[in-house]
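Report on the structure given below.
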Amino acid sequence: MSIRTLDDLLAEGVSGRRVLVRADLNVPLDKQTGAITDDGRIRAVLPTLGALVEAGAKVVVCSHLGRPKGAPDPQFSLGPVAGRLGELLGAPVHFATDTVGDSARSTVAGLADGQVALLENLRFNAGETSKDEAERGAFADQLAAFGDAYVDDAFGAVHRKHASVFDVPARLPHVAGRLVLREVEVLSKLTADPERPYVVVLGGSKVSDKLAVIEALLPTVDRLLIGGGMCFTFLKAQGLEVGSSLLEKDMVETCRNLLERSGGKIMLPVDVVVADAFAPDAAHDTVRVDGIPSHRLGLDVGPETVAGFSAALSQAKTIFWNGPMGVFEMPAFAAGTRGIAEAITKADAFSVVGGGDSAAAVRALGLDESSFGHISTGGGASLEYLEGKTLPGIAALEN
Ligand code: 3PG
Ligand code: MG
């Protein structure tokens, strides 16, 4: 793999040169106030930005936020992110109110050496995510005009074949930023030769989202622990009744097949917390998985499950965790996720947390981030990496 790095670019000298940085500043926002609820992804790109600022580059940062539909949409503006990025950098960030229009052109032209600009949300332009090569290419041409070199530090978006990720590096000298390098270094340890036992914990709501990674991991892992909303489809596949819990009916057969082929590696919950409704104050109880009442829904794994999963984790030498065990945003249903996270921090293992949601859970629950080996900024990206897929953003850097 021949990827040039930020250090290679710095060694060439970037003083006075315009460096276009693709970051993943897709941070969660409070639905009511629009405030940034977790700035982990902004912090994660600071080492790259700081090095470029220090070296006197004119730094032009671009990112997506949320999933606007190819046109400006104020609720997805990167304006608040520009403010937070400026606070963390300790210097103002010049915000362009469009992505490749007049504001962007004049903002970039006005940058002094060592200053930072942030362009408005890339996805306000249909060209960013277009499946049409020519449409993406035309947008990539406009973006590439803002840089003399390109740095990809958007690990969370490397699995997207988007203009800023895939087409811009074909148009400019390109390197991987510090975050992308670190993420690839860590995840490649999990795929190459993980120290054993290698235990993977998967949660989250949908089996269908995780199917490919489960298929890819089964031959590799020693244990696969499954919690979260998706465990109910597996429990159903074992012939249990799951009440009104989340259920993907069309995946039951697939889950049955996976369980049969898993050679006993898959561990499922033995007890769950069931509630009358999906609400923070809903009445709830812990029941065995063979006793889920028909009118109630499971919103967390139970204490016996946490104990069993924790025992498996305590043996592990390598751990990968993606997806919460329950609805951790509601305190009544957070114990499962907290318990598993704590077991991971206690294990004498190299641990990787993958995924926006799991990383946010770690911080929201007030857990010490430094007690994990690595917290990935990529959800889909880290899963696709572990599946062994070619990631368009990485492939583009290799050429
Ligand atoms: C993420 O949050 O997973 C990344 O920022 C990618 O966003 P996307 O799934 O909307 O492409
Ligand atoms: Mg995603």
Side-chain angles (χ1 to χ4, degrees), residues 21-31 36-45 48 61-73 75-78 80-81 84-85 99 118-131 136 139-140 143 151-168 177 179-180 182-184 187 202-206 208-213 228 320-324 329 352-364 374-387 389-396:
V21 179
R22 174 52 157 108
D24 183 350
L25 304 178
N26 184 23
V27 290
L29 303 176
D30 185 281
K31 281 191 188 67
I36 298 166
T37 54
D38 180 64
D39 64 4
R41 279 183 164 166
I42 308 179
R43 293 175 183 275
V45 79
T48 289
V61 184
C62 61
S63 175
H64 71 286
L65 177 75
R67 292 181 175 173
K69 300 271 170 279
D73 181 343
Q75 62 170 319
F76 296 115
S77 173
L78 278 167
V81 171
R84 184 73 189 121
L85 177 59
T99 318
L118 175 63
L119 308 178
E120 184 54 288
N121 195 336
L122 290 158
R123 293 185 184 173
F124 287 0
N125 306 267
E128 169 66 359
T129 60
S130 178
K131 299 249 185 296
R136 260 197 351 258
F139 181 57
L143 275 174
V151 177
D152 187 358
D153 220 18
F155 181 73
V158 290
H159 60 315
R160 300 290 181 220
K161 194 175 177 182
H162 291 169
S164 63
V165 177
F166 184 72
D167 304 274
V168 174
L179 175 64
V180 162
R182 166 101 181 113
E183 295 263 19
V184 168
L187 292 171
L202 292 178
S205 47
K206 285 187 174 167
S208 45
D209 285 350
K210 301 281 160 71
L211 187 62
V213 79
F320 176 75
W321 172 35
N322 175 293
E329 298 89 340
V352 178
V353 182
D357 283 356
S358 329
V362 163
R363 291 184 283 261
H374 178 69
I375 300 186
S376 177
T377 54
S382 61
L383 290 177
E384 290 197 19
Y385 189 96
L386 293 185
E387 280 163 36
K389 278 197 188 162
T390 300
L391 305 177
I394 304 288

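Sequence positions, counted from 1, serve as the residue numbers for this chain. We count ligands from 1, going down the list as the structure has it; atoms in each ligand are counted the same way.
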Non-neighbouring partners of Ser376 that pass side chain to side chain contact (heavy atoms under 4.5 Å, CB included), sequence neighbours left out: Phe155, Glu183, His374, Ser382
Side chain Thr129, main chain His162, donor-acceptor under 3.5 Å: no
Which segment of Arg123 sits under 4.0 Å of ligand 1 when only heavy atoms are counted: side chain
Which of the ligand 1 atoms, numbered from 1, are nearer than 4.0 Å to a heavy atom of Asn26: 1 (C), 2 (O), 4 (C), 5 (O), 7 (O)
Residue-ligand contact His64/ligand 1, heavy atom below 4.0 Å: yes
For Ala163, side chain to side chain contact (heavy atoms under 4.5 Å, CB included) partners two or more places apart: Glu128, Arg136, Phe139, Ala140, Asp167
For Arg67, the ligand 1 atoms whose distance to one of its heavy atoms is below 4.0 Å: 8 (P), 9 (O), 10 (O)
Those atoms of ligand 1 less than 4.0 Å from some heavy atom in Arg160: 8 (P), 9 (O), 11 (O)
Exam field: side chain Ser358 to backbone Gly354, donor-acceptor pair closer than 3.5 Å: yes
Per-atom contacts of ligand 1 with Asp24, taking only distances under 4.0 Å to non-hydrogen atoms: 4 (C), 5 (O)
Nearest candidate to atom 4 (C) of ligand 1, where distance is taken over non-hydrogen atoms, out of Ala157, Gly156, Gly378, Gly380: Gly156
Check: Arg123 side chain, His64 main-chain N or O, donor-acceptor pair, under 3.5 Å: no
Contact (N/O only, under 3.5 Å) between Arg41 and ligand 1: yes
Sidechain-backbone polar pair: Thr99 side chain, Leu119 backbone, donor-acceptor under 3.5 Å: no
